[in-house]
Amino acid sequence: MTRILGSSALALACLAGAAWAQDLVFEPGEGGFHWDSYEALKSVDLSGQVITVAGPWLSQERDYFESVLAYFETATGADVQYNGSDSFEQQIVIDTAAGSAPDIAIFPQPGLAADLAAKGFLVPLPAETADWVAENYAAGQSWVDLATFPGKDGAEALYGVFYRVDLKSLVWYVPENFEDLGLEIPETMEELKAMTQAITDEGETPWCIGLGSGGATGWPATDWVEDLMLRMYPPEVYDAWVTNEMPFDDPKVVAAIEEFGWFARDDAFVAGGTGAVASTDFRDSPKGLFSVPPQCYMHRQASFIPSFFPEGTVVGEDADFFYFPSYGDRDLGKPVLGAGTLVSMTRDTPGARAFMEFVQSPIAHEIWMAQRAFISAHLGTNPDLYGDPTMGKMAEILRGADTFRFDGSDVMPAAIGAGVFWTGMVDYAGGAPAAEVAASIQSTWDGIK
């Protein structure tokens with residue numbers, strides 16, 4: 001296969017606009033890709049039109065995305081100008097308010113998109129697009145729900161299509177350590193809890209859990225609670241919780257916090273004992289998997305955590321992961337917690353509409369999939385194309401999901417999701433009662449309404 005160009009070559013090619021067409025990373029017609037969706041683009045003539053796109057991707061992620069844009073440019077004749085920024089979330093608010101918005105905006109989380117839709121700064125998509133997403137994405141209705149907001153007139157509509165996805169419902173382990181204890185991958189939460197106890201019975205420690213993260217200390221525990229909320233109750237309950245339609249101190253939420261406590265507040269279950277949970281940095285926490293002898297056997301964390309594994313660790317060999325399982329005695333399917341980037345129109349132009357159609361095509365996903373650092377919920381893509389086997393395995397989990405929900409703390413108001421929810425979970429890990437923690441968080445929420 002043709003390899004992706006280096007970063008500098010990609011940047012120069014991007015400046016050359018349509019000249020980039022000569023440097024497509026995969027030759028059209030190469031096996032496995034849905035080239036029919038690429039060929040269909042050629043019926044759209046956008047020659048001479050400039051389409052501006054703003055988003056959060058920089059460095060290598062920008063290069064991958066621009067390699068995808070090259071196919072749209074080549075097929076349509078358009079000049080797509082992407083502007084990536086680490087201040088995207090601030091800049092898009094300024095630009096839309098000033099009337100200088102790009103044609104397309106790529107939101108790293110839907111909360112900001114909802115705010116701009118309510119102000120009339122996003123373009124609603126047709127109902128047919130919502131129907132298409134529901135039918136063609138894994139857990140499709142979940143993605144429709146996550147991108148459906150009230151507009152300036154109060155009417156709800158779909159305001160974007162999710163593109164790149166990240167997963168959080170993962171448990172990491174070292175296969176050799178599992179083999180040494182004769183452990184098998186648990187299929188249900190009941191089996192996971194039984195295995196936790198069995199590891200303890202062998203005189204070993206099952207879990208590494210670390211909540212430390214500087215000023216953001218506590219956030220890993222919020223992910224635990226969110227995952228457990230999705231496994232203990234229907235998604236409608238989760239949705240009511242993250243919007244505070246159901247109070248934070250509702251008994252259901254308290255029970256989910258206490259379920260996290262089953263894992264994190266038992267000295268025998270956690271490396272270093274419960275006193276180490278809040279003080280251990282989340283970046284250091286998984287290192288216990290690799291010590292000799294192992295300090296722990298499992299670590300629940302998102303898809304990014306291998307970045308903090310010991311240098312040279314090969315995922316799939318030295319370390320692996322499994323789905324954080326659902327309860328066998330509850331009819332809630334397989335929920336997945338994660339995040340994703342939402343592609344929305346900020347200006348209604350023929351080029352912007354054509355680009356939204358492109359984002360729905362398999363080829364727009366497969367070009368990035370076949371490189372690295374991309375997971376797609378699009379069921380029409382070829383899963384054999386994943387250039388990174390780890391991403392392919394995560395995609396299998398996503399494809400098998402019945403429900404997908406966004407990280408709740410990212411959707412909540414910042415004072416809650418990036419404030420008292422974090423600190424409250426630190427207090428809980430330190431011994432505070434769950435009901436007391438939940439009541440304190442709700443009191444703060446009441447105060448900002």
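Note that the coordinates shown come from a computational prediction; the quantities given were computed from them, not determined experimentally. Numbers here are sequence positions counted from 1.
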Which atom of [X] lies closest to which atom of [Y], heavy atoms considered:
{"X": "Met356", "Y": "Val343", "result": "CE-O, 3.2 Å"}
{"X": "Pro124", "Y": "Ala157", "result": "CB-CB, 3.7 Å"}
{"X": "Phe162", "Y": "Pro110", "result": "CZ-CB, 4.3 Å"}
{"X": "Thr222", "Y": "Ser409", "result": "OG1-OG, 3.7 Å"}
{"X": "Thr346", "Y": "Ile104", "result": "OG1-N, 3.6 Å"}
{"X": "Met425", "Y": "Gly218", "result": "CB-O, 4.2 Å"}

Could you check Phe88 against Phe107 for ring pair (Phe, Tyr, Trp, His ring centres under 6.0 Å), going step by step and ending with a plain yes or no? CA-CA 8 Å; Phe88 164 79; Phe107 296 93; 5.7 Å; yes
May I ask you to say whether Lys168 pairs ionically with Asp227, meaning some side-chain N is under 4.0 Å from a carboxylate O?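 No, no charged N to carboxylate O under 4.0 Å.
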Salt bridge flag under 4.0 Å for residues Lys334 and Asp402: no
What verdict does the side chain to side chain contact (heavy atoms under 4.5 Å, CB included) test give for Asp446 and Phe248, after you've listed the backbone C-alpha separation in whole Å, the side-chain angles of each residue and the deciding distance to 0.1 Å? CA-CA 10 Å; Asp446 290 337; Phe248 209 105; over 6 Å; no
I'd like to know if the side chain of [X] and the backbone of [Y] have a donor-acceptor N/O pair within less than 3.5 Å.
{"X": "Glu245", "Y": "Trp241", "answer": "no"}
{"X": "Thr76", "Y": "Leu46", "answer": "no"}
{"X": "Ser361", "Y": "Ser37", "answer": "no"}
{"X": "Tyr238", "Y": "Gly408", "answer": "yes"}
{"X": "Trp422", "Y": "Gly215", "answer": "no"}
{"X": "Tyr38", "Y": "Ala364", "answer": "no"}
{"X": "Thr217", "Y": "Gly212", "answer": "no"}
{"X": "Thr243", "Y": "Ala240", "answer": "yes"}
{"X": "His34", "Y": "Pro362", "answer": "no"}
{"X": "Arg231", "Y": "Pro335", "answer": "yes"}

Could you tell me whether the side chains of Ser67 and Arg62 share a donor-acceptor contact shorter than 3.5 Å?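 Looking only at side-chain atoms, Arg62 and Ser67 do not form any donor-acceptor pair under 3.5 Å.
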Indicate whether the side chain of Gln81 and that of Asp79 have a donor and an acceptor atom separated by less than 3.5 Å. yes
Using 0.5 Å steps for rounding, measure from the [atom1] atom of [X] to the [atom2] atom of [Y].
{"X": "Asp23", "Y": "Thr74", "atom1": "CG", "atom2": "OG1", "result": "9.5 Å"}
{"X": "Tyr386", "Y": "Met391", "atom1": "OH", "atom2": "CE", "result": "9.0 Å"}
{"X": "Leu41", "Y": "Ile363", "atom1": "CG", "atom2": "CD1", "result": "9.0 Å"}
{"X": "Lys393", "Y": "Asp388", "atom1": "NZ", "atom2": "CG", "result": "12.0 Å"}
{"X": "Glu30", "Y": "Leu385", "atom1": "CD", "atom2": "CG", "result": "9.5 Å"}
{"X": "Ser169", "Y": "Arg405", "atom1": "OG", "atom2": "CZ", "result": "12.5 Å"}

Set out, in order, the CA-CA distance, both residues' side-chain angles and the distance that settles side chain to side chain contact (heavy atoms under 4.5 Å, CB included) for Gln109 and Leu342, then state yes or no. CA-CA 7 Å; Gln109 54 99 349; Leu342 181 68; over 6 Å; no
Side chain to side chain contact (heavy atoms under 4.5 Å, CB included) assessment of Lys152 paired with Lys119: CA-CA 5 Å; Lys152 190 174 182 179; Lys119 296 175 181 176; over 6 Å; no
Centre-to-centre under 6.0 Å for [X] and [Y], is that the case here?
{"X": "Trp172", "Y": "Phe309", "result": "yes"}
{"X": "Phe282", "Y": "Phe308", "result": "yes"}
{"X": "Phe269", "Y": "Trp207", "result": "no"}

Given side chains that start at C-beta, do those of [X] and [Y] come closer than 4.5 Å, heavy atoms only?
{"X": "Pro56", "Y": "Asp86", "result": "no"}
{"X": "Asn244", "Y": "Gln442", "result": "yes"}
{"X": "Val80", "Y": "Val53", "result": "yes"}
{"X": "Glu89", "Y": "Val93", "result": "no"}
{"X": "Phe404", "Y": "Val165", "result": "yes"}
{"X": "Tyr233", "Y": "Glu236", "result": "no"}
{"X": "Arg353", "Y": "Asp348", "result": "yes"}
{"X": "Met369", "Y": "Thr381", "result": "yes"}

Taking the six-membered ring for Trp, are [X] and [Y] parallel (under 30°), tilted (30 to 60°) or perpendicular (over 60°)?
{"X": "His365", "Y": "Tyr163", "value": "perpendicular"}
{"X": "Trp368", "Y": "Trp57", "value": "perpendicular"}
{"X": "Trp224", "Y": "Phe324", "value": "perpendicular"}
{"X": "Phe355", "Y": "Phe65", "value": "perpendicular"}
{"X": "Trp143", "Y": "Tyr137", "value": "perpendicular"}

Glu39 and Lys42: CA distance, side-chain angles, deciding distance, salt bridge (Lys or Arg N to Asp or Glu O under 4.0 Å) verdict: CA-CA 6 Å; Glu39 294 296 329; Lys42 296 180 179 179; 3.1 Å; yes
For Phe321, run the side-chain contact (heavy atoms from CB on, under 4.5 Å) check against Ile185, Ile397, Leu167 and tell me which one passes. Ile397
Tyr64 six-ring centre to Arg372 NZ/CZ under 6.0 Å and within 45° of normal: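 Negative - Arg372 is either too far from the ring of Tyr64 or too far off its axis.
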Both conditions, 6.0 Å and 45 degrees, for the charged tip of Lys193 above the ring of Trp262: are they met here? yes
Apply side chain to side chain contact (heavy atoms under 4.5 Å, CB included) to the pair Leu228 and Tyr327, showing each step before the final yes or no. CA-CA 10 Å; Leu228 290 166; Tyr327 292 87; 3.8 Å; yes
Answer yes or no: does atom CG of Asp36 have more than 12 heavy-atom neighbours from other residues, nucleotides or ligands under 6.0 Å?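 Yes.
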